[in-house]
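Just below is one structure, and these are the notes that go with it.
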Amino acid sequence: MSNRALSRRDFIKLAGAGGITAAAGMAGCAAPKPSRNGDAARVVVVGGGPGGASAAKYLKLYEPNLEVTLIEPKRAYYTCFGGNWYLGGFRDLETLRHDYRALEYRHGVQVIHDKAIDLDAPGYQVKTENSGNISYDKLVVAPGIDFDYGDIEGLSSADVEAIPHAWEGGKQYAVLRSQLLEMEDGGTFILCAPPDPFRCPPGPYERASLVAHYLKENKPKSKILVLDEKDSFSKQGLFEEAWKELYGDMIEWVPAEEGGSLSRVSVSERKVFTDGGEQEHKGDVINVVPPQKAGRIAQQMGLTDADGWCPIDQVTFESTVHDDVYVIGDACVADPMPKSGHVANNHAKVVAVSIINSLMGREQMEPTTVNTCYSLAAPDWGFTVAHVFEHRDGEIHSVEGAGGLSPADESRGFRAREADFAPAWYAAITKDIFR
């Protein structure tokens, strides 16, 4: 069945377990031992999130003779996807934690828990904080995101304990959850959503929904104010339908055109100022998600453009800045693909084959990739968006008529069934990445 013929239902069935293989025929790519200088070629992967961990795993799966090294400072990774479930009070934070033991012991990836600090591109070496210089034949950089506080007066990265972003997994989610638990009934939760592009486009609106779920059950007099840098958002109609049905007037969304754009924060007064400072909002708990750019190591390696993201060849994911360096995940310019964990996992499969083909002197493929994104408005109210993408002529294109969005005005039973799919999708995608 061709991708163009996929119905939304068929697509979701195929995409549920980590995505359709990034291109037909990718699996089973094993071939005689690749080499650059007569020895087994070495691929180094920087960053152990969904993109980097998937790349390390699939490089070994597709070509076991490769030497694959993953450089990641943390011993475990907490996913952002699923984090809003924890904020909503129906998922334990430790269930979002994943380590690298399977990559190392099951798949034969060398895992170095260290911090990459720079790149010697002419010398084909990654510089690390404690492990010296690590040589590579091909380098994959999966740096994730960094935050840009430059345009937010009164707020900096030093304020994340008081005004958390909670847009990286683990500790920041625990900080925000603690503040919600301490908030009194009748308080106001303010969520400042970032401008495009940013990680997980539906994420702020799922967060507003699931915080509302928690407050409705525990602090029903409370309010949620969403102040937005945009005039529309991902899955807007579906979220607004859910808000009306589930939460009444608990959630208020203020778009940029109505004064929602953030200009200043007073941390000590627990206030945010929008609309050029004309509007003042006081919050008991304030969650500011700042503008975003490619992770810091990508900046240090000189892989970013003037906008702060990493330009790539959208067929192979090779950087347009340095030869034999590939950038995947949230950091790369892969429009129209969204910045999501599922997309990063697909990027990884593409880059694994791109690297193997390059090492073998083979012609590059023009792959097909996918994205599936589940959002919950409550534990029993879910909806999905699914996309198929073609990579051709150096660019990524959406496949018209493939995938789709959950229909509007469906029954509670329909929404509950989609909500049931979400944790199953989470289990499948994390298994595909880390196991």
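Start at 1 with the first residue, then count along the sequence.
Here salt bridge (charged side-chain N to carboxylate O under 4.0 Å, His left out) pairs that include residues 235-246, with residues two or more places apart or in two chains, are Glu241-Arg415. For residues 99-109, the pairs satisfying side chain to side chain donor-acceptor pair (under 3.5 Å) are Asp99-Arg101, with sequence neighbours left out. The salt bridge (charged side-chain N to carboxylate O under 4.0 Å, His left out) contacts involving residues 68-85 comprise nothing, where partners must be two or more places apart or lie in separate chains. Applying the salt bridge (charged side-chain N to carboxylate O under 4.0 Å, His left out) definition to pairs two or more places apart or across chains, those involving residues 140-149 are Asp146-Arg296. Sorted by first then second residue, the salt bridge (charged side-chain N to carboxylate O under 4.0 Å, His left out) pairs that include residues 190-216, not counting sequence neighbours, are Arg199-Asp330.
Scanning for side-chain contact (heavy atoms from CB on, under 4.5 Å) contacts around Asp420 gives an empty result, with sequence neighbours left out. Looking at residues two or more places apart in sequence or on another chain, you find no side-chain hydrogen bond (donor to acceptor under 3.5 Å, both in side chains) involving Ser319. Remark: Ser398 engages no residue in a side-chain hydrogen bond (donor to acceptor under 3.5 Å, both in side chains) (not counting sequence neighbours). In this view, Thr430 satisfies the side-chain hydrogen bond (donor to acceptor under 3.5 Å, both in side chains) rule with no residue, not counting sequence neighbours. Evaluation of the side-chain contact (heavy atoms from CB on, under 4.5 Å) rule for Ser157 yields Tyr149 as partners, not counting sequence neighbours. Checked against side-chain hydrogen bond (donor to acceptor under 3.5 Å, both in side chains), Thr95 has the following partners two or more places apart in sequence or in another chain: Arg91. Every side-chain contact (heavy atoms from CB on, under 4.5 Å) that Ser131 has, sequence neighbours left out, goes to Ile112, Asp114, Thr128.
In this structure, a donor-acceptor pair under 3.5 Å is absent between the side chains of Thr79 and His98. Judged purely by distance below 3.5 Å, without hydrogens or angles, the side chains of Ser358 and Lys138 pair a donor atom with an acceptor atom. Between the side chains of Glu94 and Tyr78, at least one donor N or O sits under 3.5 Å from an acceptor N or O. Between the side chains of Asn345 and Asp432, at least one donor-acceptor pair of N or O atoms lies under 3.5 Å.
Interatomic distance, Tyr86 OH to Leu210 CG, rounded to the nearest 0.5 Å: 14.0 Å. Going from atom CD of Glu418 over to atom OH of Tyr374 covers 6.5 Å, rounded to the nearest 0.5 Å. Taken to the nearest 0.5 Å, the CG atom of Leu181 stands 4.5 Å off from the OH atom of Tyr214. To the nearest 0.5 angstrom, Ile134 atom CD1 is 3.5 Å from Ile71 atom CD1. For the atom pair Asn346 CG and Ser54 OG, the distance stands at 9.0 Å (nearest 0.5 Å). A distance of 12.0 Å separates CG of Asp305 from NZ of Lys293, quoted to the nearest 0.5 Å.
Using a 4.5 Å heavy-atom threshold, the side chains of Leu303 and His322 count as touching. Looking at heavy atoms from C-beta onward, Asp380 lies in side-chain contact with Arg412 at the 4.5 angstrom threshold.
A distance below 6.0 Å separates the ring centres of Trp253 and Phe233.
Remark: side-chain polar atoms of Gln299 are paired, donor with acceptor, to backbone N or O of Ala294 under 3.5 angstrom. With hydrogens and angles disregarded, a donor-acceptor distance shorter than 3.5 Å links the side chain of Gln179 to the backbone of Ala162. Ser406 places a side-chain N or O within donor-acceptor distance of the main-chain N or O of Thr384, the cut-off being under 3.5 Å. Formation of a donor-acceptor pair under 3.5 Å by the Asn357 side chain with backbone atoms of Ser354 is not found in this model.
A salt bridge is defined here as a Lys NZ or Arg NE, NH1 or NH2 lying under 4.0 Å from an Asp or Glu carboxylate O, and Lys171 with Glu161 meets this definition. A salt bridge is absent between Arg42 and Asp137: the closest approach of a Lys/Arg side-chain nitrogen to an acidic carboxylate oxygen does not fall below 4.0 angstrom.
Here the closest heavy-atom approach between residue Leu246 and residue Ala377 is recorded as CD1-O, 3.9 Å.
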Checklist entry - Could you go step by step and tell me if His342 and Phe81 meet the side-chain contact (heavy atoms from CB on, under 4.5 Å) rule? => result CA-CA 10 Å; His342 198 130; Phe81 49 96; over 6 Å; no

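The aromatic rings of Trp85 and Phe90 lie parallel to each other, their planes meeting at an angle below 30°, with 60° marking the opposite boundary.
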